[in-house]
Amino acid sequence: MSKKMNVESFNLDHTKVDAPYVRMAGKVEGENGDTIYKYDLRFKQPNKAHMTMPALHSLEHMLAEFSRNHHSRVVDISPMGCQTGFYLSLINDDSIDEVMSLLEKTLEDILQADEVPACNEYQCGWAASHSLEGAKEMAREMLAEKDSWPVIFKDEEAS
């Protein structure tokens with residue numbers, strides 16, 4: 001890569017990351033003193049694996065709904081177009097430890113869920129494309145690798 005891009009993730013060498021991981025991907029300071037922190041919640045290894053759309057879609061609904069039960073500063077959780085993870089945005093919270101705790105609690109909630117929230121034509125733009133079991137499988141896989149979440153790059157030691 002020779003030219004710096006405007007989008008942070010376009011400047012990340014996706015061949016050097018080691019998913020799953022959790023990392024701060026950026027911050028934006030507002031004019032009135034608030035700061036939005038964006039976190040990269042990477043579930044799958046880029047260019048090697050991806051989540052299926054029904055599983056990703058259900059996981060998105062569940063992460064968005066359940067995360068707010070554990071943290072009051074969640075602004076948004078958005079899926080990555082490459083289907084390898086999500087971006088979590090928090091206002092005025094730069095604690096990576098709190099983010100990992102939030103993710104763990106939310107994934108545990110997903111494993112206990114009996115349904116996907118807002119999985120109907122009234123509340124969802126593509127209600128036919130969901131998989132509760134697929135979302136649970138992604139949650140199980142991510143939780144099983146919890147100890148590696150702080151390790152972002154290959155050959156980096158876990159802290």
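Here the structure is a predicted model, which is why all the values come from computation and not from measurement. Quick note: numbers below take in every heavy atom, side chains included, and nothing from hydrogens, waters or symmetry partners.
- When each of His130, Glu133, Lys136 is paired with Ser58, the side chain to side chain donor-acceptor pair (under 3.5 Å) condition holds for His130 and for no other.
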Please test Ser95 against Asp93 for side-chain hydrogen bond (donor to acceptor under 3.5 Å, both in side chains), starting from the C-alpha separation and ending with a verdict. CA-CA 6 Å; Ser95 171; Asp93 191 341; 4.6 Å; no

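- Taking Ile, Leu, Val, Met, Phe, Trp and Tyr as hydrophobic and joining them when side-chain heavy atoms fall under 4.5 Å apart, one finds Met80 in a cluster with Tyr87.
- Taking CE of Met24 as the reference point, atom CG of Leu90 lies at 9.0 Å (rounded to 0.5 Å).
- To the nearest 0.5 Å, the span separating CE on Met138 from CG on Leu63 amounts to 12.0 Å.
- Residues satisfying the salt bridge (Lys or Arg N to Asp or Glu O under 4.0 Å) test with Lys44, not counting sequence neighbours, are Glu141.
- A search for salt bridge (Lys or Arg N to Asp or Glu O under 4.0 Å) contacts involving Glu98 returns nothing, not counting sequence neighbours.
- For Arg140, the salt bridge (Lys or Arg N to Asp or Glu O under 4.0 Å) partners are Glu137, not counting sequence neighbours.
- The shortest distance between side-chain heavy atoms of Trp149 and Met142 falls below 4.5 Å.
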Let me have the donor-acceptor pairs involving side chains of residues 105-119, under 3.5 Å, with sequence neighbours excluded, atom names and distances please.
residue, atom, partner, partner atom, Å
Thr106, OG1, Leu102, O, 2.8
Asp109, OD2, His70, NE2, 2.6

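- Looking at Arg23 and Asp40, a side-chain N of the basic residue comes within less than 4.0 Å of a carboxylate O on the acidic one, giving a salt bridge.
- For Glu31, the salt bridge (Lys or Arg N to Asp or Glu O under 4.0 Å) criterion is met by no residue, not counting sequence neighbours.
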